[in-house]
Amino acid sequence: MTTATEFLDAFNNAFVNKDKSYLDSILADNCKIHFTGLNETMTRQETLDWSETGFCVGIDDYVIVHDTAESIAGTHAAWGKAADGEWKSKCFIFAKKSGDKITEWYVHARPLDE
């Protein structure tokens, strides 16, 4: 079973290296990524393409509160650069999984002022 930390590491490696191959093996074909605060949803391919844009450049500070064969939940920090400048957020995540693949990933981000 792929752990929550391994899934988060895959996202981080994709962002740091601007290389979607880290996510390619963990996202189910029908995977959807939901950004709840933005009311935005991305398909698997949109997520793969987005991971290489540099908008998000890394995640860390994982706190895993739930990790089972069917789902994961926790928090992490994320940071990057948007058109209007650098950003940093604390994110709550919840994901549904089937085997070693993510089928649904929900992110609710709260901007951090530093």
_Any side-chain heavy-atom pair of K97 and M1 under 4.5 Å_ = yes
_W87 ring center near F55 ring center (under 6.0 Å)_ = yes
*So do F11 and L23 actually touch side chain to side chain, heavy atoms under 4.5 Å?*
yes
*If we only count heavy atoms from C-beta on, is the L48 to L27 side-chain gap below 4.5 Å?*
yes
*In sequence, state the C-alpha distance, the side-chain angles, and the governing distance for F35 and W105, and then conclude on ring-ring contact (aromatic ring centres under 6.0 Å, His included).*
CA-CA 9 Å; F35 295 93; W105 189 279; 10.0 Å; no
*How many angstroms lie between NE2 in H108 and OG in S89, if you round to the nearest 0.5 Å?*
10.0 Å
*Applying side-chain hydrogen bond (donor to acceptor under 3.5 Å, both in side chains), which residue pairs with at least one partner in residues 70-81 are found, sequence neighbours left out?*
H66-S71
*May I ask you to test the T103-C31 pair for a side-chain heavy-atom distance under 4.5 Å?*
no
_We want to know whether D9 and Y62 form a side-chain donor-acceptor pair, criterion being a heavy-atom distance below 3.5 angstrom._
yes
*Qualifying residues under side chain to side chain contact (heavy atoms under 4.5 Å, CB included), relative to D100, sequence neighbours excluded*: T2
*asked:* Looking at E6 and T3, would you say the former's side chain and the latter's main chain have a donor-acceptor pair under 3.5 Å?
replied: yes
*For residues Y106 and H34, establish whether the separation of their ring centroids is below 6.0 Å.*
yes
*Return the minimal non-hydrogen interatomic distance between K20 and Q45, and the atom names on each side.*
NZ-NE2, 4.1 Å
*Sub-4.5 Å side-chain heavy-atom contact between V16 and V57*: no
*Do V107 and C91 come within less than 4.5 Å of each other through their side chains, counting heavy atoms only?*
yes
_Could you see if L38 belongs to whatever hydrophobic cluster contains W50? Use Ile, Leu, Val, Met, Phe, Trp, Tyr and a side-chain cutoff under 4.5 Å._
yes
*I72-I64 co-clustered via ILVMFWY side chain contacts under 4.5 Å*: yes
*State, yes or no, whether a side-chain contact exists between D29 and R44 at a heavy-atom distance under 4.5 Å.*
yes
*Tell me whether I93 is reachable from M42 by hopping between hydrophobic residues (I, L, V, M, F, W, Y) whose side-chain heavy atoms are closer than 4.5 Å.*
yes
*With a 4.5 Å limit on heavy-atom distance, are the side chains of S51 and Y22 in contact?*
no
